[in-house]
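Read the numbers this way: they start at 1 and go in the same order the structure lists the ligands and their atoms. Residue indices begin at 1 and follow the sequence shown.
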Amino acid sequence: MRTDVIVVAAGSGQRAGEGLPKQFRDLGGHSVLRRTLTRFIGQPGIRHVQIVVHPDHAALYEQAVAGLPGILPPVAGGATRQASVRAGLEALAADPPELVLIHDAARPFVAPRLIADGIAAAARYGAAVPGLVLVDTIKSVPEHGYVGTGPDRNGLRSVQTPQGFRYDLILAAHRKLATKGDLTDDAAVAEAAGHRVALFPGDPANTKLTLPEDFVTAENKLLAELADVRTATGFDVHAFAPGDHVMLGGIAIPHDFGLTGHSDADVVLHALTDALLGTIGDGDIGHHFPPSDPQWKGASSDRFLAHAVERVRAQGGRIAHLDATIICEAPKVGPHREAMRESIARIAGVTVSRVGVKATTSEKLGFAGRREGIACMAAATVRLPWRDDE
Ligand code: CTP
Ligand code: MG
């Protein structure tokens, strides 16, 4: 059956604390909303995804959905979740689906099983929600600080999203209940409109990011998935030639000589590029950017490093650390260290605290000691998803 998904993302995330509204906050390199959307896109049976957002968040929204397929133009949300869902349902009316899944943007861990079960239960029952049994004893709190008797937890479920419905059923229910205040989920709307709502098993991992500490837990969960920690090294040398500056770590440093090379001869960025490529066993800089290829003549080396970063990201990896040791008698590196760290951090998309830059002379020994050129050693550490095939 034709199934569309509504993702409500128009809230302000009051309980999640300071900063951007929670659905736009970063979680391991992607916004919460983007993570949620990628869980639905491409799942069997899903046609379109309709996102509901606050108009003030248009720029954040554009960033979150950039490049994602199957997304309908966004629709503006309302003052309550209920009003936002209704706006999403109305937006689908022109080309209505048979079934609709309604999901909170703030639940980025929704799994394929839950999506498939939601579609199947909606088709079978017309209205169905994922529920979890309660493990804790529940108490009422009639007086502040004191507990009263609670309900029997055996008769209770905590309910999640995605909630699945026949589209015409839930649209009519929302229209009917439009003036009925703030019902916090769509099962309540369906029920208030007189429908029976079925249950299917929820997923304890499908948590809703609500409080500040939920973000800490979520980050840790993502990090635990990146359990394949790898370190690799890189090394590069370029010779001095006539010139008035050298490029090191993307920074132009005035000097009595320049460095020769096919590109801009930035030994630091070249060594770091090789270190990063090494972490994923993906060849070396010469393999990706052959010196024989005229298009790299004089090229600014930040693109080499950015390319290696992209290769790591494409495997779901995150950069934990980049470190470089520059070996030369001159120029002095110390005064430029912070600028170099910032430049490398910017190219690699990491915080400056994850970048180390050191320098040493070689006590006048060897080619660096004779001031014939500059060498750089580098190391990179990345975290990758642990894959079962290894
Ligand atoms: N939501 C919405 N429109 C609203 C309120 C909420 O689209 N007017 C969305 C939220 O963006 C979220 C989902 O509904 O994805 C679940 O709501 P909740 O967790 O309560 O989010 P917020 O209302 O944003 O958070 P808070 O209640 O802490 O302010
Ligand atoms: Mg809310």
Side-chain angles (χ1 to χ4, degrees), residues 4-27 30-41 48-65 68 71-92 100-111 114-115 118 129-132 158-165 170-171 173-175 177-190 202-218:
D4 290 343
V5 181
I6 293 175
V7 173
V8 277
S12 56
Q14 294 297 315
R15 288 170 289 172
E18 306 267 290
L20 292 176
K22 61 186 179 181
Q23 61 274 34
F24 300 113
R25 269 168 61 178
D26 182 90
L27 195 59
H30 298 288
S31 66
V32 170
L33 175 58
R34 189 176 182 89
R35 284 188 176 277
T36 302
L37 296 173
T38 54
R39 293 286 176 130
F40 285 97
I41 292 166
H48 297 139
V49 180
Q50 174 67 63
I51 307 163
V52 185
V53 278
H54 195 286
D56 287 356
H57 302 148
L60 290 165
Y61 166 83
E62 289 303 335
Q63 213 181 321
V65 302
L68 296 181
I71 309 261
L72 295 170
V75 60
T80 62
R81 183 186 184 282
Q82 189 186 335
S84 293
V85 173
R86 195 172 72 250
L89 289 166
E90 295 288 0
L92 295 178
V100 65
L101 293 183
I102 303 174
H103 188 68
D104 295 329
R107 292 186 192 267
F109 296 112
V110 54
L114 211 53
I115 295 170
V129 299
L132 291 176
S158 76
V159 161
Q160 308 182 314
T161 70
Q163 303 191 344
F165 303 93
I170 195 67
L171 176 64
H174 263 277
R175 283 179 175 167
L177 274 295
T179 54
K180 269 282 185 318
D182 182 13
L183 298 172
T184 55
D185 80 338
D186 305 291
V189 176
D203 176 4
N206 178 35
T207 52
K208 178 159 72 81
L209 301 175
T210 304
L211 306 173
E213 54 266 36
D214 295 339
F215 278 82
V216 179
T217 312

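- In this structure, Gly78 and Ser84 approach most closely via the heavy-atom pair N-OG, 3.1 Å.
- The closest donor-acceptor contact from the side chain of Arg25 to the backbone of Val32 lies at 3.5 Å or more, if one exists at all.
- In this structure, Asp214 does not pair ionically with Lys22, as no charged nitrogen and carboxylate oxygen lie closer than 4.0 Å.
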Could you pull out every donor-acceptor pair under 3.5 Å between side chains of residues 177-185 and any protein atom, sequence neighbours left out?
from: Asp185; atom 1: OD1; to: Ala188; atom 2: N; distance (Å): 3.0
from: Asp185; atom 1: OD2; to: Gln163; atom 2: NE2; distance (Å): 2.9

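- Looking at every heavy atom in both residues, Asp104 comes nearest to Lys208 through OD2-CD, 3.5 Å.
- At a 4.0 Å heavy-atom cut-off, the residues surrounding ligand 1 are Val8, Ala9, Ala10, Gly11, Ser12, Gly13, Gln14, Arg15, Lys22, Gln23, Gly78, Ala79, Thr80, Arg81, Ser84, Asp104, Ala105, Ala106, Lys208, listed by chain and number.
- Across all their heavy atoms, Ala16 and Pro212 have their closest contact at O-CG, 3.5 Å.
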